[in-house]
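Accompanying notes for the structure given below.
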Amino acid sequence: MSALSPGDQAAASPESPLHIRTAFEFSVRAPYKFAFTLFGPNGERSWAGKDWNPEFLYPRPSADVPGAVFTVKHGPHQAIWVNTAFDIKARHIQYSYFIPEVMVTTIDLTFFPLDSGSTKVRVIYERSALDAAVNHDVQELGVNDRARGADWEKAIDAYLEQKR
């Protein structure tokens, strides 16, 4: 198992559930107002791959709005997601999702327009195990989270290239 980088934080004793925080940044080669739309649950369908298929409970029909509630399959688990912030003026999106008996995750995205054609995105994952028995799984997800910035940037670049 890889150790966490100095910017990552983990806290747990052997008998308590793990909490881990991981942050990364990447750039989207698109104007801010378009880049923002790529990170709503529907917007992500365009670039996030076949496994990203949110099933909306609210609203119906589906829409990228604050308070949206949807489910997503995570391996053998069904996660319940809530869009807790979707604020284009504040340049901020936040999700929380819950996998019963496994973990709770918060994903916080902040957008920084760099120029008229590119946007920096800062992403912070906070994961909390709900039982110490899943600490290893949460730790592994935290390690994998660090690579997501490069993966997301590549996938978004490919999507944007198709649109041109």
Side-chain angles (χ1 to χ4, degrees), residues 1-2 4-5 8-12 16-26 28 30 34-88 92-111 121-163:
M1 166 81 57
S2 300
L4 295 175
S5 69
D8 300 335
Q9 300 173 359
S16 65
L18 179 70
H19 176 85
I20 189 166
R21 179 183 191 274
T22 307
F24 58 85
E25 295 180 349
F26 63 98
V28 175
F34 181 76
F36 185 89
T37 66
L38 296 173
F39 294 91
N42 275 326
E44 283 193 36
R45 290 180 202 264
S46 63
W47 62 268
K50 63 179 174 48
D51 291 334
W52 182 256
N53 188 25
E55 300 276 336
F56 278 77
L57 304 172
Y58 170 82
R60 288 191 182 169
S62 65
D64 293 341
V65 296
V69 178
F70 53 96
T71 62
V72 174
K73 197 86 164 131
H74 288 270
H77 305 287
Q78 189 77 4
I80 302 162
W81 287 65
V82 178
N83 180 276
T84 55
F86 196 79
D87 189 339
I88 196 163
H92 180 241
I93 297 174
Q94 184 179 68
Y95 296 98
S96 290
Y97 74 83
F98 169 70
I99 300 175
E101 300 180 23
V102 178
M103 75 176 157
V104 174
T105 300
T106 300
I107 306 167
D108 196 81
L109 298 94
T110 307
F111 298 81
V121 182
R122 178 177 301 138
V123 181
I124 300 172
Y125 272 82
E126 300 243 8
R127 297 184 182 274
S128 296
L130 298 177
D131 186 305
V134 297
N135 281 355
H136 176 78
D137 297 326
V138 171
Q139 178 80 31
E140 189 73 24
L141 286 166
V143 169
N144 294 338
D145 289 341
R146 286 199 315 258
R148 291 183 194 276
D151 293 345
W152 290 5
E153 185 170 1
K154 183 178 176 182
I156 292 168
D157 282 349
Y159 165 71
L160 293 174
E161 194 59 37
Q162 285 179 340
K163 285 187 62 76

Rounded to the nearest 0.5 Å, how far does [atom2] of [Y] lie from [atom1] of [X]?
X: Leu141; Y: Thr22; atom1: CG; atom2: OG1; value: 9.5 Å
X: Ile124; Y: Arg21; atom1: CD1; atom2: CZ; value: 4.0 Å
X: Leu160; Y: Phe34; atom1: CG; atom2: CZ; value: 6.0 Å
X: Phe111; Y: Ile88; atom1: CZ; atom2: CD1; value: 9.0 Å
X: Ile20; Y: Gln139; atom1: CD1; atom2: CD; value: 4.5 Å
X: Tyr97; Y: Tyr95; atom1: OH; atom2: OH; value: 13.0 Å

Which pair of heavy atoms, one from [X] and one from [Y], lies closest together, and at what distance?
X: Leu130; Y: Glu101; answer: CD1-N, 3.9 Å
X: Ala68; Y: Phe56; answer: CB-CE2, 4.0 Å
X: Gln94; Y: Thr106; answer: NE2-CG2, 3.5 Å
X: Ala35; Y: Ala30; answer: CB-O, 4.2 Å
X: Asn135; Y: Ser16; answer: ND2-O, 3.0 Å
X: Asn42; Y: Ala63; answer: ND2-N, 3.6 Å

Looking at side-chain heavy atoms only, is the closest gap between [X] and [Y] below 4.5 Å?
X: Val121; Y: Glu153; answer: no
X: Asn144; Y: Tyr125; answer: no
X: Val102; Y: Asp137; answer: no
X: Phe39; Y: Val123; answer: no
X: Pro100; Y: Gln78; answer: no
X: Arg127; Y: Thr105; answer: yes

message = Are Trp47 and Trp52 an aromatic pair, judged by ring center distance below 6.0 Å?
response = no

request  = Could you tell me whether Phe86 and Phe36 have their ring centroids closer than 6.0 angstrom?
outcome  = yes

ask   = Does a side-chain N-to-carboxylate-O contact under 4.0 Å join Arg148 and Asp145?
value = yes

message = We want to know whether Glu55 and Thr71 form a side-chain donor-acceptor pair, criterion being a heavy-atom distance below 3.5 angstrom.
response = no

task = Using a cut-off of 6.0 Å, state whether more than 12 heavy atoms not belonging to Tyr58 lie near its atom OH.
result = no

request  = Decide salt bridge (Lys or Arg N to Asp or Glu O under 4.0 Å) for Lys154 and Asp157; before the verdict, give the C-alpha distance in whole Å, the side-chain angles of both, and the deciding distance to 0.1 Å.
outcome  = CA-CA 5 Å; Lys154 183 178 176 182; Asp157 282 349; over 6 Å; no

task = For Asp64 and Gly43, indicate whether the former's side chain and the latter's backbone hold a donor-acceptor pair under 3.5 Å.
result = yes

message = Please verify the inter-ring angle class for Trp81 with Phe70; under 30° counts as parallel, over 60° as perpendicular, anything in between as tilted.
response = parallel

